[in-house]
2 protein chains.
Amino acid sequence: MLSKKSKYAINALLYIAKHEAEQPIPVSRIAEERHIPLKFLEAILTELRNARIVKSKKGKYGGYSLNGTPADIDLAQVVRLFDGAIALLPCVTHDYYQPCEECVDETTCGIRQVALEIRNATVARLKDATLANLIERERQANT
Amino acid sequence: MLSKKSKYAINALLYIAKHEAEQPIPVSRIAEERHIPLKFLEAILTELRNARIVKSKKGKYGGYSLNGTPADIDLAQVVRLFDGAIALLPCVTHDYYQPCEECVDETTCGIRQVALEIRNATVARLKDATLANLIERERQANT
DNA sequence: ATTTTTCCTACCTATTTGGTAGGATTAGTA
DNA sequence: TACTAATCCTACCAAATAGGTAGGAAAAAT
């Protein structure tokens with residue numbers, strides 16, 4: 001399951017993407033419209049900014065903007081940021097690799113093979129799901 | 001990521017499946033051979049028994065046996081038992097369904113569409129990964 | 001009776017999740 | 001300069017989950 005952080009982050013990013021012309025958008029507005037606790041969302045957007053997925057502008061009329069186009073930002077980036085590795089096993093992650101201590105032989109491990117296939121399929125789908133793609137999906141579902 | 005419970009359970013089940021002729025197998029033997037804490041594994045096997053994935057025999061020369069053939073038991077069952085829903089969002093699970101409270105319209109939600117595709121692909125692969133299948137995979141990788 | 005096993009109840013610690021509180025700092029505007 | 005509206009920063013917190021441990025009762029085979 002995705003954490004609330006990931007879900008809130010995705011919702012906030014989609015909100016900004018859908019109101020691109022009005023950037024930068026203050027946290028308070030996103031929090032209100034998407035019913036996300038203000039202070040919590042503040043922390044989330046700080047993380048997104050540190051990861052350079054959004055950029056911020058301080059002071060009056062400040063707020064957050066996408067750092068790039070909606071086609072540049074995908075769910076894999078967001079999920080990795082807040083929930084860490086996407087894979088089911090640490091031995092099939094790229095960035096967080098760790099052997100399973102109980103594993104006798106990683107190269108022949110059957111569970112690992114399955115986990116690897118699932119990871120690859122999942123990552124591919126999450127990378128395909130850019131903000132632009134999600135907005136387009138919703139547009140199509142609405143007709 | 002899978003919990004240790006799931007990983008230990010899968011390893012224990014694979015161990016029993018590989019030693020089918022010697023059933024029932026005592027917890028102590030599995031714990032020793034697969035380096036799993038004894039008492040923890042005891043609790044795990046109790047859960048597997050309650051779920052009727054294994055069956056137990058009490059007393060001397062007792063232990064645990066598979067309840068069915070290695071082709072009957074798949075990873076989806078085990079993962080669901082210990083880690084709950086497989087999906088990324090509660091709104092695309094079957095058994096644990098819950099709407100996302102922040103969601104405006106579930107039928108058009110783009111994130112949901114992606115989550116549903118990922119869930120379906122993942123569940124299919126986990127169901128395909130029966131104990132028999134895993135053992136066969138390891139046999140093939142060994143040649 | 002002894003041994004070896006499962007079964008049952010209770011407890012425990014560390015980490016993660018999902019927040020909240022309060023104020024300092026920055027920037028635009030009058 | 002003063003005011004306002006925003007981000008930024010530090011600290012704290014409660015509940016849930018993960019990953020165990022302890023001790024013994026009950027059952028079954030010899």
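Just so we're clear, the structure is a prediction, and the values are computed from it rather than from any experiment. Protein chains get the first letters and strands the later ones, always in sequence-line order, with residue 1 at the start of each.
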For this session: Find the distance between OG (Ser56(A)) and CG (Leu48(A)) and round it off to the nearest 0.5 Å.
Result: 11.0 Å
In this structure, how many angstroms lie between the [atom2] atom of [N] and the [atom1] atom of [X], rounded?
X        : N       : atom1 : atom2 : value
Lys7(A)  : dT17(C) : NZ    : C1'   : 13 Å
Phe82(B) : dG20(D) : CZ    : P     : 14 Å
Asp83(A) : dT17(C) : CG    : P     : 7 Å
Lys55(B) : dT6(C)  : NZ    : P     : 16 Å
Glu42(B) : dA26(D) : CD    : C1'   : 13 Å
Glu32(B) : dT5(C)  : CD    : C1'   : 14 Å
Leu41(A) : dG18(C) : CG    : P     : 14 Å
Met1(B)  : dT17(D) : CE    : C1'   : 17 Å

Indicate, with a heavy-atom threshold strictly under 4.0 Å, whether [X] touches base, sugar-phosphate, or nothing.
X        : value
Lys39(A) : base
Lys58(B) : sugar-phosphate
Phe40(B) : base

For this session: Examine distances only and state if a side-chain atom of Arg137(B) and a backbone atom of Gln113(A) form a donor-acceptor pair shorter than 3.5 Å.
Result: no
Give a yes/no on whether any side-chain N or O of [X] is located under 4.0 angstrom from OP1 or OP2 of [N].
X        : N       : result
Ser56(A) : dC8(D)  : yes
Arg49(A) : dC8(D)  : yes
Lys57(B) : dA29(D) : yes
Tyr8(B)  : dA18(D) : no

For this session: Please tell me which of Leu38(B) and Ile25(A) maps to the more 5' nucleotide of DNA chain D, matching each residue to the nucleotide holding its nearest heavy atom.
Result: Ile25(A)
Counting only side-chain heavy atoms from C-beta out, which of [options] sits nearest to [X]?
X        : options                  : answer
Lys4(B)  : dG20(D), dG28(C), dT6(C) : dG20(D)
Tyr61(A) : dT6(C), dT29(C), dA29(D) : dT29(C)
Pro37(A) : dT20(C), dA5(D), dT4(C)  : dT20(C)

For this session: For Glu138(B) and Lys18(B), run salt bridge (Lys or Arg N to Asp or Glu O under 4.0 Å): C-alpha distance rounded to whole Å, both residues' side-chain angles, the deciding distance at 0.1 Å, then the answer.
Result: CA-CA 11 Å; Glu138(B) 297 191 357; Lys18(B) 283 178 186 166; 3.2 Å; yes
Problem set entry | side-chain contact (heavy atoms from CB on, under 4.5 Å) partner of Tyr64(A), the single match among Ile53(A), Leu13(A), Thr46(A) | Thr46(A)
Exercise. Charged N to carboxylate O under 4.0 angstrom, Arg29(A) versus Glu32(A)?
Worked result: no
